[in-house]
Protein chains: 2
Amino acid sequence: MDHSGHPTPRTTLPQTKVVSLEKLKTACKNCGLAKLCLPLGLENNDIERLDSIVQRNRPLHRGNHIFQTGNSFGSIFVVKSGTIKSYTQCPNGTEQVVGFHLPGEVVGLDGIETGKHICSAKALETTAVCEVPFSRLEELTATIPNLQHQMFRLMSKEISKETGLMVLLSKSTAEERLAAFLLSLSIRFHSYGFSATEFNLSMSRREIGSYLGLALETVSRLFTHFQEEKILEVDRKHIKILDMDQLFKLLSEQNGCLDQLQRPR
Amino acid sequence: MDHSGHPTPRTTLPQTKVVSLEKLKTACKNCGLAKLCLPLGLENNDIERLDSIVQRNRPLHRGNHIFQTGNSFGSIFVVKSGTIKSYTQCPNGTEQVVGFHLPGEVVGLDGIETGKHICSAKALETTAVCEVPFSRLEELTATIPNLQHQMFRLMSKEISKETGLMVLLSKSTAEERLAAFLLSLSIRFHSYGFSATEFNLSMSRREIGSYLGLALETVSRLFTHFQEEKILEVDRKHIKILDMDQLFKLLSEQNGCLDQLQRPR
DNA sequence: ATGTAAACCTGATCCAGATCAACTCTTGAC
DNA sequence: GTCAAGAGTTGATCTGGATCAGGTTTACAT
């Protein structure tokens, strides 16, 4: 079994997907995530210009921060492998998870407006991120129309994603929320080239609960329940989806608002 | 009393704020909302270039749509006066409100990613909007760095706002939610030049409840409760905030995550 | 004016999920 | 190895707000 917290790779992966430290230095044009990331739709020489401003730092260990609430904003970050959690800290000490970021997803867009980050971002496991200094990125987007468009698209996607989550949080039952969460993970893993049906959660029950507005006990009970219903096979953090149809059905029952969860054929 | 649904104007308004149909044709450079809107930080001649692509259509009546779910995306819209509600329709017929848009605020950013709108937007009262064709805007942002930056800022603000709402929806009590909602309205009205303490709601109790994840009965009871506590004076849709301190205190009690609600001095 | 639907208010009841509590299983530090 | 802290499970109880049900007021069409 895979103990790294990474999802189980599909068997059809191209050889560039082999995990190695060398991968951390991969140029954008050789990166397996390029079609999900900023380079989407760019010409080769434009990708090289983008590549030249991207900083590839050493991987983060579990618990390391990319930035914290109040830090001044300078860069956006793209997850290359691993998982980033973004969260805000309440004065009473409890934290509120506001997002989980998987490979190919962007972190830090919240800081553009005010120049300060309004949340913190930390690694849930060993995680590699590409750092893109924002002012240099803005110079490039001004001269590469496709890159500008891709930035607008990425930000629009972020807005749509959060809108969907709002609907989930204000209308759905606990069962629907967890189903939507698992499907969202499944769909995202799939689009990044991993198995849609079997993966490891890198976050705790408490973190899932915080994100979904549920108590950790409720999350735990639901995992048990889904297992009894033969919808899932749960072993600690390892999840196997046995009945994808049933999971989708749970969503469409009461709550059809979340059509943005497009089922991969 | 003002029956139009507009907030009560402050007495110190400059004369350009006088409501008239002529205002609908106001060029960006003469528009009172310019410092909240796309022209922020632009040189005069750049404002004129922006102005030349802005379409100022006739005002919308209550109930008119700007766009509906599934419509193809072509423009973003800035509210000039009135209120826009954005919402999604669930298959069972109920609607879920995902946003209220006041003067100076942008509607339609959700459509950029997929080229289709994922929600609908309709006027809650007589409402004027500026339509900005997105492909033409992208041509301008590519040549006006400050405009590009302003677009990134606007989208970042939208992301931050939704993050704050997520926290509100997943952690706070009904009382905290309504307090946060009223303060948000108050702060926004204030920044657009209206009274922070007295305004008319253009949305129904049901719509407020839908937005905040509450039943309309709960919203109604809370208005009564706030009135009993001498925090508000409520007359149907007319709201007068009597005790702003108390309202802020309700937020900070349990939930301090929402610091983005910056109190206007 | 009159009718009708929508918006709103208020009381009574109910339940999904929070909270509290006790326990086991993992994990990592030393 | 041992110990402690964290993560997870499961059961019992409690409660905030949903739901149901009745009413009044407002808005608007005819």
Side-chain angles (χ1 to χ4, degrees), chain A residues 1 3-5 61-63 85 92-97 124-126 168-179 181 200-228 232 234-239 250 253-255, chain B residues 1 3-5 61-63 85 92-97 124-126 168-179 181 200-228 232 234-239 250 253-255:
Chain A
M1 206 216 291
H3 290 272
S4 70
H61 295 120
R62 178 181 165 79
K85 164 180 89 171
N92 58 13
T94 64
E95 69 171 41
Q96 163 70 38
V97 176
L124 287 180
E125 58 186 315
T126 302
L168 193 71
L169 289 173
S170 72
K171 276 287 175 303
S172 310
T173 65
E175 199 178 43
E176 289 162 351
R177 292 182 202 193
L178 188 61
F181 176 70
N200 285 329
L201 300 172
S202 49
M203 65 295 284
S204 69
R205 304 289 192 261
R206 176 186 299 280
E207 287 164 333
I208 295 172
S210 171
Y211 181 63
L212 297 176
L214 300 172
L216 71 95
E217 293 93 331
T218 304
V219 175
S220 177
R221 275 184 253 267
L222 282 171
F223 273 123
T224 306
H225 172 67
F226 282 157
Q227 187 148 234
E228 286 165 358
L232 297 182
V234 183
D235 175 21
R236 201 103 173 122
K237 304 244 186 197
H238 189 82
I239 302 290
L250 281 177
E253 297 278 297
Q254 307 233 3
N255 175 343
Chain B
M1 204 215 290
H3 291 272
S4 71
H61 296 120
R62 177 182 166 80
K85 166 179 88 170
N92 57 13
T94 64
E95 70 172 40
Q96 164 70 39
V97 176
L124 288 179
E125 57 187 316
T126 302
L168 194 71
L169 289 174
S170 73
K171 275 285 174 306
S172 310
T173 64
E175 200 178 43
E176 290 162 351
R177 292 182 202 194
L178 188 61
F181 177 69
N200 286 329
L201 300 173
S202 49
M203 65 293 286
S204 69
R205 305 289 192 261
R206 177 185 299 279
E207 286 164 333
I208 296 172
S210 171
Y211 181 62
L212 297 176
L214 301 171
L216 71 94
E217 292 95 329
T218 304
V219 175
S220 177
R221 275 184 253 267
L222 282 170
F223 273 123
T224 306
H225 172 67
F226 282 157
Q227 187 149 235
E228 284 165 358
L232 297 182
V234 183
D235 175 20
R236 201 100 175 127
K237 304 244 187 196
H238 189 83
I239 303 289
L250 282 177
E253 296 279 297
Q254 309 232 2
N255 175 343

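The chains referred to below are lettered A, B, ... by the order of the sequence lines, with proteins before strands, and numbering in each begins at 1.
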[X] side chain near [Y] side chain, heavy-atom distance below 4.5 Å:
X	Y	answer
A:I239	A:F226	no
B:L214	B:I208	no
A:L178	A:T218	no
A:L222	A:R177	no

Taking atom [atom2] of [N] as reference, at what distance in whole Å does atom [atom1] of [X] sit?
X	N	atom1	atom2	answer
B:L178	D:dG17	CG	P	12 Å
B:E207	C:dA6	CD	P	14 Å
A:R177	C:dA18	CZ	C1'	12 Å
B:I208	C:dC8	CD1	C1'	12 Å
A:L169	C:dA16	CG	P	19 Å
B:H225	C:dG11	NE2	C1'	17 Å
B:K171	C:dT19	NZ	P	9 Å
B:M203	C:dC8	CE	P	11 Å

Donor-acceptor under 3.5 Å (B:R62 side chain, B:L124 main chain): yes
A:H61 atom NE2, over 12 foreign heavy atoms within 6.0 Å: no
Residues, nucleotides or ligands: over 12 heavy atoms within 6.0 Å of B:R205 CZ: yes
Close N/O contacts between protein and nucleotides 28-30 of chain D (under 3.5 Å):
none

Angle of first-five versus last-five pair axes in the helix from C:dA1-D:dT30 to C:dC30-D:dG1, to 10 degrees: 50°
Sequence-aligned protein contact record of nucleotides 24-30 of chain C, with B where the base is within under 4.0 Å of a protein heavy atom and S where only the sugar-phosphate is: --S----
Contacts of A:S220 that satisfy side-chain contact (heavy atoms from CB on, under 4.5 Å) - sequence neighbours left out: none
Nearest listed nucleotide, side chain of A:S220, among C:dG17, D:dT10, D:dG17: D:dT10
Donor-acceptor pair present, A:R221 side chain and D:dG8 base, under 3.5 Å: no
Short side-chain N/O contact from A:R206 to OP1 or OP2 of D:dG8, under 4.0 Å: no
Under 4.0 angstrom between A:K237 side-chain N/O and D:dA7 OP1 or OP2: no
Contacts of type salt bridge (Lys or Arg N to Asp or Glu O under 4.0 Å), residue B:E217, not counting sequence neighbours: none
Test salt bridge (Lys or Arg N to Asp or Glu O under 4.0 Å) applied to B:E175 - qualifying residues, sequence neighbours left out: none
Counterpart residues, ring pair (Phe, Tyr, Trp, His ring centres under 6.0 Å), relative to A:Y211 (two or more places apart): A:F100, A:F181
Interface with DNA chain C, restricted to residues 210-218 of chain A and to heavy atoms under 4.0 Å: A:G213, A:L214, A:A215, A:E217, A:T218
NZ/NE/NH1/NH2 to OD/OE distance under 4.0 Å, B:E125 and B:K237: no
side-chain hydrogen bond (donor to acceptor under 3.5 Å, both in side chains) partners for A:S210, two or more places apart: none
Counterpart residues, side-chain hydrogen bond (donor to acceptor under 3.5 Å, both in side chains), relative to B:Q227 (two or more places apart): none
